[in-house]
There are 4 protein chains.
Amino acid sequence: MAKKNKRYETSSKILKAATQVFSEVGFAGARVDEIAQRAGVNKATIYYNTGDKKTLYARVLQKISGEMYAHPSENIEKVLTPVGQLKAYVRNIANVIDRNPALPNIILWEHASGGKNFPEEASIEIAKMIEMLINILKEGEKQDIFIKTSPILIQFMIMGSFMLYKTSNPIRKMHTAFPREVKKSESNLSGTIADEIEKYILKAVKKEN
Amino acid sequence: MAKKNKRYETSSKILKAATQVFSEVGFAGARVDEIAQRAGVNKATIYYNTGDKKTLYARVLQKISGEMYAHPSENIEKVLTPVGQLKAYVRNIANVIDRNPALPNIILWEHASGGKNFPEEASIEIAKMIEMLINILKEGEKQDIFIKTSPILIQFMIMGSFMLYKTSNPIRKMHTAFPREVKKSESNLSGTIADEIEKYILKAVKKEN
Amino acid sequence: MAKKNKRYETSSKILKAATQVFSEVGFAGARVDEIAQRAGVNKATIYYNTGDKKTLYARVLQKISGEMYAHPSENIEKVLTPVGQLKAYVRNIANVIDRNPALPNIILWEHASGGKNFPEEASIEIAKMIEMLINILKEGEKQDIFIKTSPILIQFMIMGSFMLYKTSNPIRKMHTAFPREVKKSESNLSGTIADEIEKYILKAVKKEN
Amino acid sequence: MAKKNKRYETSSKILKAATQVFSEVGFAGARVDEIAQRAGVNKATIYYNTGDKKTLYARVLQKISGEMYAHPSENIEKVLTPVGQLKAYVRNIANVIDRNPALPNIILWEHASGGKNFPEEASIEIAKMIEMLINILKEGEKQDIFIKTSPILIQFMIMGSFMLYKTSNPIRKMHTAFPREVKKSESNLSGTIADEIEKYILKAVKKEN
DNA sequence: GATGAATGAGCGTTCATTCAT
DNA sequence: TATGAATGAACGCTCATTCAT
């Protein structure tokens, strides 16, 4: 709306390009030159505008984790039952990932590298998110409809399956060895994939009667 | 003992060091100097003995995937019921990961990078493994004890949770934000962790009656 | 006076230093470090400004052959008789070599290496030059004042004597074995040396009557 | 004849291979590995048998110059007239070059590099050779059949034309720009080429009457 | 006499970063 | 605000040389 200043525009272009590049090749593999080129700015502009490579990466991480862990909370409180809340939780994650294609790669880069660059702010967001899951699962237990579970493992099952699915796309297509059922893939999670994972997670967690 | 081939011994030292370094920092982040130092050999020896950085990485990938996807089959055929087989399948994966600490990181690096360096041989091994899972799940369906599932997603749930668990260890410990339940961790999967995942996967897959 | 383009100035310094170094030790013997040092720039500047070692060498070759084969034509067309033209031809070559001390060495490096790096553009220039000589000799034949000759061999006699003379300078001085008459040398061709060669070439080519 | 010892055989193979390689790419461009491979021996054998790269190159130079400057004298003394002697001189050089294909390249490498590695022994041989030419030319002058000439320049005309001819072969064939008359070439000097050069040199030197 | 294995020194090249404008 | 030019510090790799056998 209001005409933003030029600096901000440049900053946005840089951040967008950096997100792309870092997600494709990771921190060590990323070239500042490449980021500058994709952003359509001079390499020195990155240093002038944002700072060094590490700072730039930190900004990317921060933005990513902000998006990751802020939105999911949106629709959950409106839902009343733990089952509905857990469904919403899974679905929100799928939505966020679909809206941020760079996210799974970056999270995996960070996991692989042992989180060396993971900013404290980002882990606060994650913590809030997990707390949300903990509450949902606890409430389910209290109502005697969920079994006792380890929230962190449930979290990893959800995130892990989504992220491996997303990032395995090129691998599955590249190699001829895989069975046919494995090679077909959908680019979005929010359709069939999220449906399935939601189903598995719920079954895994629900008490049989 | 028998005097071993000198070249082979050197090669082993190099491969071991390379596996470590690549798993810690990935291909782009790895320094040949560092690998040489950890192997206790001169940098040039790596080139004399094994070849360039890419070749070395390929060898690491090959060894890793060999170990990953060969062993799990071991105990499965002895088990008769699909439930037993699925349990063995999950447990075997946990065992392999425990025995090869570099494995989760390297797999994640590869996923994150879109499998640019993934050797065809490795994907053959993975394919065999997934085929195994497909058969188990099919048999379960046929016997009407498993629901219809997407094997690749089940696979990703198992692998994803194990690998994220393993690699999240330093992150979880590093950051203060996480709830207490999340911070405690066991270094091996084969104990409680595998038990839990096994339970969730089975519940996710089994038909309720 | 007018403020020159900075990049161009750097480029010139690099090209000059490169010409020197390549002429002294050839392509394989040249060290990029040495070129950078003589040019008074950082080694990386060479890559930023010009490109890799091969590209740099190509530029040197191109400039050398440009100078070699452009100027000789200058004064020849003004001269009317074949004898005068041939004299001018020889003299022009001597002048060019005198003005470009790196030239003989570089041509010899290229000859010795089988012209592996010789750029097509350079050979076009040489070809034009030889064509000039062919025309002079043909005209002389037609006027019945020159014998029938092989132009390429005449060319090699001229170039060969000039270039060996120039490059033998350090050798002749270094070694004590040579007869006195051989050791004295003039640094420029354009004086006595060119006079002599001109005389020999003309005698070799002219028809006796 | 007598069965030579093994060391000598190895030494010969090495020297032959080294001569080839040095003539093709010069001292700086030569790789000890390549020489070893062509000689069919282990790289370490070169050091054991002959010494380091410089020593090996010196041996090659020595052998080359020995061959170059010893043989030409053979037939000259039998010839009585200066004209006949000069013809023999030119022809002998052509023969030696034909018999030693590595010779022109190596001489050119040495000239180009300013004779940095030229051994004193070699220059003694050259000196003897030039002295021979000096005597022939002096005798011709005394008999009033040759004009007064600069022997070193005559020497360079002969050597220069032969060597440029030989080494220009690949260049002339490689590039399309050259006129047809220039592209055809004979691999041996001793035929037409030597005839022509001999004719030019004699005409250049002989007194007209 | 000969060699497979290993290495130190150095080379061409890249890359994150800074400087002058 | 932005950039073209320049650079220091590495990095992957090569190569002449040595060592143990």
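Convention: sequence-line order gives letters A, B, ...; per-chain numbering from 1. These numbers come from the heavy atoms of this one structure, side chains and all, not from hydrogens, waters or symmetry mates.
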> Quick one: is A/T10 getting a side-chain N or O under 4.0 Å of the F/dA2 phosphate, OP1 or OP2?
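Yes.
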> Output yes when a side-chain donor or acceptor of A/N100 lies under 3.5 Å from a complementary backbone atom of A/L103, and no otherwise.
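Absent.
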> To the nearest Å, give me how far apart NZ (C/K6) and P (E/dT21) are.
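Computing the C/K6:NZ to E/dT21:P distance gives 6 Å.
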> May I ask you to decide if the ring planes of A/F27 and A/Y57 are parallel, tilted or perpendicular, using 30° and 60° as cut-offs?
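Aromatic pair A/F27/A/Y57 classed tilted.
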> Are the side chain of A/S65 and the backbone of A/L61 linked by a donor-acceptor contact shorter than 3.5 Å?
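The answer is yes, because a donor-acceptor pair under 3.5 Å joins these two groups.
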> Check the distance between E/dG1's P and D/E9's CD and give it to me in whole angstrom.
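Atom CD in D/E9 sits about 13 Å away from atom P in E/dG1.
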> Rounded to the Å, how far apart are B/Y57 OH and F/dG12 P?
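After rounding, the reported distance stands at 14 Å.
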> Could you run down nucleotides 11-16 of chain E 5' to 3' and tag each one B, S or - for protein heavy-atom contact under 4.0 Å?
SBBBBB
> Without decimals, in angstroms, what is the distance between A/I46 CD1 and E/dT18 P?
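Taking CD1 of A/I46 and P of E/dT18, I get 13 Å after rounding.
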> May I have the distance from C/I14 (atom CD1) to F/dT7 (atom C1'), rounded to whole angstrom?
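To the nearest whole Å, that distance equals 12 Å.
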> Whole-Å distance between F/dT1 C1' and A/Y8 OH?
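So the two atoms are 17 Å apart, to the nearest Å.
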> Run A/K63 and A/T19 through side-chain contact (heavy atoms from CB on, under 4.5 Å) and show every step you take.
CA-CA 9 Å; A/K63 192 187 131 221; A/T19 305; 3.8 Å; yes
> If I take atom CG in residue B/L56 and atom C1' in nucleotide F/dC11, what distance separates them, rounded to the nearest angstrom?
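The answer, rounded to whole Å, is 15 Å.
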> From CD of A/Q37 over to P of F/dG4, roughly how many Å is that when rounded to an integer?
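Spelled out: CD on A/Q37 to P on F/dG4 is 13 Å.
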> Would you check, one step at a time, whether the test side-chain contact (heavy atoms from CB on, under 4.5 Å) holds for B/K116 with A/V25?
CA-CA 10 Å; B/K116 271 194 291 285; A/V25 293; 4.1 Å; yes
> Does OP1 or OP2 of F/dA5 have a side-chain N or O of C/Y48 closer than 4.0 Å?
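Looking at the OP1 and OP2 atoms of F/dA5, one of them is under 4.0 Å from a side-chain N or O of C/Y48.
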> Which distance, rounded to the nearest 0.5 Å, do you find between the CG of D/L108 and the CG of C/L108?
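Those atoms lie 5.5 Å apart.
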> Under 3.5 Å for both pairing distances: what stems, at least three Watson-Crick or G-U pairs long, include DNA chain E?
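In DNA chain E, stems of three or more pairs: E:2-21 with F:2-21.
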> Roughly how far, to the nearest 0.5 Å, is NZ of B/K53 from CD1 of B/I46?
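If I round to the nearest 0.5 Å, the distance is 11.0 Å.
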> Go through the steps to decide whether D/V21 and D/R31 satisfy the test side-chain contact (heavy atoms from CB on, under 4.5 Å), and finish with yes or no.
CA-CA 8 Å; D/V21 172; D/R31 301 289 160 247; over 6 Å; no
> Counting N and O atoms only, with roles assigned by atom type, does the side chain of D/W109 sit under 3.5 Å from a partner on the main chain of D/F22, one being a donor and the other an acceptor?
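Side chain of D/W109 to backbone of D/F22: a pair is present.
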